[in-house]
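These notes are about the structure you will find just below.
All values below were derived from every heavy atom in this structure, side-chain atoms included, with hydrogens, water molecules and symmetry-related copies excluded. First the proteins, then the strands, lettered A, B, ... as listed; each starts at 1.
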Amino acid sequence: MAPPPHRHLLLLLLPLLLLAAAVTLTGADDLVAELQSLRARSPSGVIHLTDTSVTRFVSAPSPRRPYSVLVFFDASSLHSKPDLHLPQLRSEFALLSASFLAHNPSSGDLFFADIEFAESQHSFHQFGVNSLPHVRLVRPEHDRLAGSEQMDQSHFARLADSMSEFVESRTGLEVGPIVRPPLLSHNQIILLVILFLISIPFMIKRIMEGETLLHDRRVWMAGALFVYFFSVSGGMYGIIRHTPMFLTDRSDPNKLVFFYQGSGMQLGAEGFAVGFLYTLVGLMIAAVTHLVVKVESLQTQRFAMLVVMVIGWWAVRKVIYLDNWKTGYSIHTFWPSSWR
Amino acid sequence: MAEPEVSSAAAGGGGRLRNAFGGVLCAFALLLIGVLAFSIRLFSVIKYESVIHEFDPYFNFRVTQFLSKNGIYEFWNWFDDRTWYPLGRVIGGTVYPGLTLTAGTIWWLLNSLNIPLSVETVCVFTAPIFSANASWATYLLTKEAKGTGAGLMAAAILAMVPSYISRSVAGSYDNEAVAIFALIFTFYLYVKTLNTGSLFYATLNALSYFYMVCSWGGYTFIINLIPMHVLLCIVTGRYSSRLYIAYAPLVILGTLLAALVPVVGFNAVMTSEHFASFLVFIILHVVALVYYIKGLLTPRLFKVAMTLVISVGLAVCFAVVAILVALVASSPTKGWSGRSLSLLDPTYASKYIPIIASVSEHQPPTWPSYFMDINVLAFLIPAGIISCFLPLSDASSFMVLYLVTAVYFSGVMVRLMLVLAPAACILSGIALSEVFGVLTRSMKTHLSKLFDDSPAAPKSGDSSPESSSSSVNTDSTKSENRTEKTETAPKEKPSKKNRKKKEVAESVPVKPKKEKRLLVLPFELSVMGILLLIVLGGFYVVHCVWAAAEAYSAPSIVLTSRSRDGMHVFDDFREAYAWLSHNTDVDDKVASWWDYGYQTTAMANRTVIVDNNTWNNTHIATVGTAMSSPEKAAWEIFNSLDVKYILVVFGGLVGYPSDDINKFLWMVRIGGGVFPHIKEPDYLRDGQYRVDAQATPTMLNCLMYKLCYYRFVETDGKGFDKVRGYEIGKKHFKLTHFEEVFTTHHWMVRIYKLKPQRNRVRGKLKKLKSNAKTSPALAAGRKKNPWQ
């Protein structure tokens, strides 16, 4: 007795469900199409979202949203803060989006969007974002906005490349190689090449006459000394590892840390300080041998040599002290055991 | 060479005696420097024993053994079936043979003189011997630029520079040991040719370059640095026929000779590293033609011809450049090797080639690295640079260029500190010798003045220094002569610059009288300065001895540790290799991570699957996959490779940090790179490799974990890993497909044997019983095996 009504109910429910599914599906298709058209309007493919469009596209329940959205939280008021790197990250984000678009031209699986704090405070609140820089990935299975996945600091480190790794690992979509715009456009390069070609004969003429900057040995000397100074101070380390000039002390934010203990890492400022000491001593020795000797006044000579010796002594001591402090080595002598 | 003769002729008999005495003293000093260079590198033998170090030297040693046993032709055609099983490796065509041939020749020579040294002894002491050679070569090179004093100083400094010691202690039988000597000697011959313009030296230079190409891949530094110098000379208006003689034969002969080395072959003309030399070769010819025509024509006619020549020359240049660009663009890596590219663009490696960036030798150095490796020389080099510019000659400009390029490259890669070391020594030698020269000269002048003052006080000073102090004057005139010489030496260049210089030179004879009196410093401060410099030098010596003794002498095959109850020696590696060679069949295959490949073939004489010559990534990935797979899958991979024994290095008991568990991430990464079913996240907990209770099940079930920690809990009851600093995650387990056959004294090396295949009849019966259960598992296992 009980089954028949149930069966009726089921029979009733089935078309209803089908209808609902169809509606949501077409709704989803609409949303995707809408997003795609929005994307087409933006040059890099990043869609600008506001509070209303967030509710429409992102916080819609998951069956209506078969796509992921990677949201970049931006605040133009904070662009001026250099340590946040917001403008740089924003442009990298745009690069990522453009690269994805170039690799998957008509994809409806992943959209890139940004939200501006000034106009969409509500959305910031919904996502639970209270610090920048912040990037969120909202995947289809995320029901609540606050539950979506946050890209952590390590993925900002190598800019677009590491962001694309994050996207690829979380969504399974392929971003493809990051397409960076060349530094100079095609026409500019051609122009430069032509200018260069034209200037070659003139340059050769000048060189043959021997009256260029190239013939001034002081230029070469300064260049050589600079390269030496830069390399010895570990400047290359700073460039390759992107180390900062100094750190702020964790325990006391007002204090700056210039010297890092441990030989595997160095800060920019400490490298240049020591490199300066290296170069300074050498320059002073050269000054004594080539400059002070030519001075006629004995008093000046005395004074200059004294200054050189005192500063040299101090600089060498300082470097030895710093080196021992940083590396923890203790250099000792070896004497015959009978001497002890 | 010419200068002393000239001055001796002027000074007469006394001067000749002085020179002879100076020559003997100089030879004696060089001998002592050689002894110093040799003996400072013996700490490793004294503190440990006469043994080959590390990994690569074992391969070189094995090749040398083969060479001494079978002769050069066999060596040239040697196909080694003991490594990269089942592929093997053509040794003759893939090694730089310079080191091996050198040591082989020394061994052969000694034996034919009836000095019966073993090959191993010769190999151990090759590097110290060549360090002595290198310091003599440094003397020659520096002498060409700045005279004998600077040469001796530079040689003494190079004899003990820590950067070079790190690669050339006794036992460190590697390519760099002979290559640095070859590098310096090639530079010496180039500068010598440049100074003399002799074709004899130019030919020697090409031969020396050939030796360098035989010895080390770093020869590309020479073939780029010398063209750079030639270009620099041309651009700054220093072209001369000597420059042409120094460069053109080197390119032609050198390239032909380089192509004879099998490992280089056609790379000598095909890769971008060599293109610079050809480009400069063409430019040099164009410039030579211009100068030739200039000599033939009148100035007005020349101007007309000039435009013609330039346009023709440019056309030829562009044609060549276009061809080069096309060639370069057609190759996938743009013709550059990854390492070279990362030198040109320092951020290249960190962006694109993680495997290069991951090697510790390829990291950029921090400032303490410079202080460790060249120590106080870092303070002296700027003075040396300035000395080289005052006055600037072809030779001294070469020194500066060498230093600047080397210091830049060393800033990108800490490994290239080795190339910087000779340049640093040369320039510091020049700087020190100049300072000492000035300070001692002023001391001497003051002293002689003092002595002269007592008999005739008013006569001193500026009246007639020539007659007043004979000893000082011969000395100072000599030095004066020398500076004039160096200044007038590169005189023949017909450019505006030189005309100007000539005017200066003409005015020189007036100058000396004034300068001779002036070029002195106050006496007491000169004494102090010398004392300070001696203290500085003393610190350098102390540092170098300390570095040689403490930092750079560990052979890493024998380890020591110091604790309260004395020194412990860990000789587990050789124990394990000896066990292998005594207890296994000659044709058994041993699998291990690639680090231990060279040592296994050399010391145990067993066939290995992969070794330190990491030429086949897939093969390495296979071993990595096996190590990161569960037991059964690993057994199948190893069985398909005919492996009988597996060797793992485990440091958890004694706290040896560079063991296989710490290298495991590379096994997973490299394995996963080729066989995608190995996924790195499966092994990671919170982004870290852990083997404690929080480790992932995949990690705890992989072969590497099991082989390392099998029965580990029996040692202390808790399974505490001293390297990782925690208790391991899975303590009690049994091995199903492997059996332990040997574990060394300190558990540092553990050797396992693959269990034989199960009896087929029993398997069949079982299969009948539970057919449905086992077959899918088998199929799945088979699918995972990348070899099927």
Side-chain angles (χ1 to χ4, degrees), chain A residues 161 200-201 204 207-211 214-215 217 220-221 224-225 227-228 230-237 239-241 263-266 270-271 274-275 278-279 281-283 285-286 288-290 292-294 296 298 301-302 305-306 309 312-313 315-316 319-320 323 326-327 331-334, chain B residues 235-237 290 306 310-311 314 346-347 350-351 364-372 376 378-387 389-390 392 400 403-404 407-408 410-412 431 434-435 437-438 442 495-497 515 518-522 525 528-529 532 536 539 542-543 545-546 549 551:
Chain A
D161 302 81
I200 281 180
I204 289 180
I207 286 171
M208 296 293 290
E209 284 167 356
E211 276 171 2
L214 289 175
H215 293 81
R217 67 181 61 168
W220 289 100
M221 190 155 85
L225 286 172
V227 171
Y228 176 77
F230 188 74
S231 301
V232 170
S233 52
M236 278 299 159
Y237 183 91
I239 291 178
I240 294 172
R241 292 291 155 78
S263 59
M265 222 283 268
Q266 78 166 30
E270 80 174 274
V274 177
Y278 283 151
T279 319
V281 175
L283 288 181
I285 293 175
V288 169
T289 23
H290 298 289
V292 179
V293 257
K294 288 180 186 151
E296 289 198 30
L298 211 63
Q301 278 190 334
R302 279 219 174 91
M305 277 191 77
L306 212 62
M309 279 181 205
W313 177 258
V316 174
V319 171
I320 293 173
D323 180 65
K326 192 173 171 73
T327 56
I331 294 150
H332 55 85
T333 49
F334 291 85
Chain B
V235 167
T236 53
V290 169
M306 180 76 183
I310 281 186
S311 47
L314 278 181
T347 51
S350 61
K351 267 191 242 159
T366 52
W367 68 262
S369 316
Y370 283 96
F371 199 69
M372 180 72 194
V376 300
F379 294 115
L380 299 172
I381 293 168
I385 295 177
I386 291 176
S387 293
F389 275 99
L390 311 163
L392 190 69
V400 174
L403 177 98
V404 168
V407 83
Y408 167 75
S410 75
V412 179
E434 293 238 325
V435 188
V438 167
S442 28
S495 79
K496 217 169 188 178
K497 181 94 214 253
E515 277 189 7
L518 287 177
L519 287 182
V520 288
L521 293 165
L525 285 167
M528 239 173 92
L532 280 182
L536 195 71
F539 178 76
V542 167
H543 176 92
V545 173
W546 172 83

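Of the two parts of Ala431(B), neither the backbone nor the side chain holds a non-hydrogen atom closer than 4.5 Å to a non-hydrogen atom of chain A. Using a 4.5 Å cut-off between heavy atoms, Val438(B) touches chain A through its side chain atoms alone. Contact annotation for Val400(B): only side-chain heavy atoms (C-beta onward) come within less than 4.5 Å of a heavy atom of chain A. Contact of His290(A) with chain B is made through the side chain alone, with heavy-atom distances under 4.5 Å. The parts of Thr279(A) that come within reach of chain B are both its backbone and its side chain, each placing non-hydrogen atoms under 4.5 angstrom from that chain. Within the 4.5 angstrom heavy-atom criterion, only backbone atoms of Pro365(B) (N, CA, C, O) approach chain A.
Separation of atoms CD1 (Ile381(B)) and CD1 (Ile285(A)) is listed at 11.0 Å; rounding is to 0.5 Å. To the nearest 0.5 angstrom, Ser442(B) atom OG is 7.0 Å from Met305(A) atom CE. Atoms OH and CH2, from Tyr237(A) and Trp367(B) in turn, are 13.5 Å apart once rounded to the nearest 0.5 Å. The structure places CD1 of Ile320(A) at 10.0 Å from NE2 of His543(B), a figure rounded to the nearest 0.5 Å. Atoms CG and CE, from Leu392(B) and Met221(A) in turn, are 10.0 Å apart once rounded to the nearest 0.5 Å. Atom CG of Leu283(A) is separated from atom CD1 of Ile386(B) by 5.0 Å, given to the nearest 0.5 angstrom.
Residues Val274(A) and Tyr370(B) have side chains not in contact (no heavy-atom distance under 4.5 Å, counting atoms from C-beta outward). Contact of the Met309(A) side chain with the Leu532(B) side chain is registered, since non-hydrogen atoms from C-beta on lie closer than 4.5 Å. Side chains of Thr236(B) and Trp220(A) form a contact here, defined as non-hydrogen atoms less than 4.5 Å apart.
What you find for Arg217(A) and Phe389(B) is that their closest heavy atoms are NH1-O, 3.4 Å. Across every non-hydrogen atom of Val288(A) and Leu521(B), the tightest pair is CG1-CD1, 3.9 Å. Contact detail for Gly282(A) and Pro382(B): the closest heavy-atom pair is CA-CB, 3.8 Å. Residues Gly411(B) and Met236(A) come closest through the heavy atom pair O-CB, 3.1 Å.
Ring pair Phe371(B)/Tyr278(A) is parallel by interplanar angle, where below 30° counts as parallel and above 60° as perpendicular.
Take Tyr228(A) and apply the ring pair (Phe, Tyr, Trp, His ring centres under 6.0 Å) test, not counting sequence neighbours, and it matches no residue.
Listed for the Gln301(A) side chain is a donor-acceptor partner under 3.5 Å among the backbone atoms of Val520(B).
For the options Val542(B), Leu525(B), Ile385(B), heavy-atom pairs under 4.5 Å to chain A are most numerous at Leu525(B).
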